[in-house]
2 protein chains.
Amino acid sequence: MSKAEKTRQFIIEKTSPIFNTKGYAGTSLNDIMSATGLTKGSIYGNFKNKDEVALLAFDHNFGKIASYIREKIAVHSRIIDKLLVYPETYRNFLNIPFLKSGCPILNTSTEADDTHPMLRKKATKALNSWQLSLEKHIQIGIEKKEIKAETNALEFSIILMSIIEGAVMQAKVTGSSTVLNITMDFLEKMIRDIAQ
Amino acid sequence: MSKAEKTRQFIIEKTSPIFNTKGYAGTSLNDIMSATGLTKGSIYGNFKNKDEVALLAFDHNFGKIASYIREKIAVHSRIIDKLLVYPETYRNFLNIPFLKSGCPILNTSTEADDTHPMLRKKATKALNSWQLSLEKHIQIGIEKKEIKAETNALEFSIILMSIIEGAVMQAKVTGSSTVLNITMDFLEKMIRDIAQ
DNA sequence: TAATTAATATACCAATCGGTATATATTATA
DNA sequence: TATAATATATACCGATTGGTATATTAATTA
């Protein structure tokens, strides 16, 4: 890893929470400079423009939560327990340090859907990969006879994602975990209901 | 209605879709000027700053969808039919002209939760009024024996809202109605399930 | 160690940001 | 119709925006 590559990584790590809280339009180069302690020359020596930093910051933010969930899922062997990781995790959303700045998919989607095609594409792909991961787990669960055969994997995963994202939005803006507790209780029941 | 009051209304009507698409940080005074055809002097003669326009634009956007739903609900007499207005409406979210710019609560919440206390407060209040309205309908439904007595009005309304907001986020960023159809089918079943 | 390359800092650019003071229209009132 | 009050336009303000050219420093290689 060259010095430049280290600096690139450093810049992305330091700025990704800023992009997630303030958004693309709300994050300025001054924000990037003061977060990294670097000057404009150093930033533009490593990235071609603000866009490139923002896109990589999104990848970083999404990658972080994706691997966090992936590791928690890997611990369990039964599919139902793997799925239960979601309500368990998002119930504590407001208290998970690196999620303080919010869900990157939610934040990026709502800002970029009408304004930033490249960020929009990133968010869409992230949603799709999450959905496919869920669907796969459910399908495996059906094959292993741990999940009812009549379960519609696509539908179930989409509903799970919608509940989580809608609840996170409300919890973040109100600052209260009430919505998360109510919805994650419900999601937990939904998951246990498809158990064989 | 004085001339100034007319102009104020005119400015808010013309700029509210812009604030909803581009966000607070992403909407500039030049955007406001070109949307209204007015000059800076005229805008600052009627509003004290950009904040005031943004806050009223949010009220306008939320008021529009709230009254749209309210009118549709008023048509029905049975509570279940009133509740079914939500899945019916949000199923076509992407095709309702004045909702093209997205859900104001969703957009404002995700941008303002960490950046703009006043807008954040507006979004929180809007969520609360929506939730209370739903809860009231359900309680009336229970009293009228149209809804099962064991239904938890708070839980049900929160879950309904989460599903809708999560689905709208996904539909807007992907540009596809698939998620809306799947989730609104599910919501419809949920509503019919609490019918007495 | 000297020369070369890579990485960072400095100083600047035009354009745009939100906002204001003042001049000019426009409207309402006497 | 003359006057007063309101409303809009013009012209400007300093600060900040994203971005660049060049100078300087640090790291690597010969």
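Just so it is clear, the structure is predicted and the values come from calculations on it, not from any experiment. Below, read A as the first sequence line, B as the second, and so on, with proteins coming before strands; counting in each chain starts at 1.
Of all the residues in residues 29-44 of chain A, L38(A), T39(A), G41(A), S42(A) reach under 4.0 Å from DNA chain C with at least one non-hydrogen atom. Of the residues in residues 111-118 of chain A, none has a non-hydrogen atom less than 4.0 angstrom from any atom of DNA chain C.
By the neighbour-count criterion of 12 heavy atoms within 6.0 Å, atom NZ of K144(B) is sparsely surrounded, having that number or fewer from other residues, nucleotides or ligands.
Between V179(A) and the options K172(A), Q170(A), M184(A), a side-chain contact (heavy atoms from CB on, under 4.5 Å) holds for only Q170(A).
Between the CZ atom in R120(B) and the CD atom in E111(B) there is a gap of 13.5 Å [rounded to 0.5 Å]. With rounding to the nearest 0.5 Å, the separation of NZ in K148(A) from CG in D193(A) is 6.0 Å.
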Walk me through whether F10(A) and L38(A) qualify under side-chain contact (heavy atoms from CB on, under 4.5 Å).
CA-CA 10 Å; F10(A) 174 77; L38(A) 295 171; 4.2 Å; yes
I would like to know whether S176(B) and T174(B) meet side chain to side chain donor-acceptor pair (under 3.5 Å); could you show each step before the answer?
CA-CA 5 Å; S176(B) 156; T174(B) 62; 4.7 Å; no
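The salt bridge (charged side-chain N to carboxylate O under 4.0 Å, His left out) contacts involving residues 150-162 of chain B comprise nothing, where partners must be two or more places apart or lie in separate chains. Applying the salt bridge (charged side-chain N to carboxylate O under 4.0 Å, His left out) rule to pairs touching residues 8-23 of chain B yields E5(B)-R8(B), R8(B)-E52(B), K22(B)-D31(B), sequence neighbours excluded.
Between the side chain of T36(A) and the backbone N or O of M33(A) there is at least one donor-acceptor pair closer than 3.5 Å.
For DNA chain D, the span of nucleotides reached by chain A at under 4.0 Å from its heavy atoms goes, 5' to 3', from dT17(D) to dT20(D).
Ring geometry for F98(B) against Y68(B) counts as perpendicular: the plane angle is over 60°, on a 0 to 90° scale with 30° as the lower cut.
Under the 4.5 Å side-chain criterion, counting only non-hydrogen atoms from C-beta, H137(A) is not in contact with F156(A).
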Represent DNA chain D in dot-bracket notation, 5' to 3'. Only Watson-Crick or G-U wobble pairs with both distances under 3.5 Å count; pseudoknot-style crossings use [ ] and interstrand partners use |.
||||||||||||||||||||||||||||||
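Ring pair Y24(B)/F58(B): centre-to-centre distance not below 6.0 Å.
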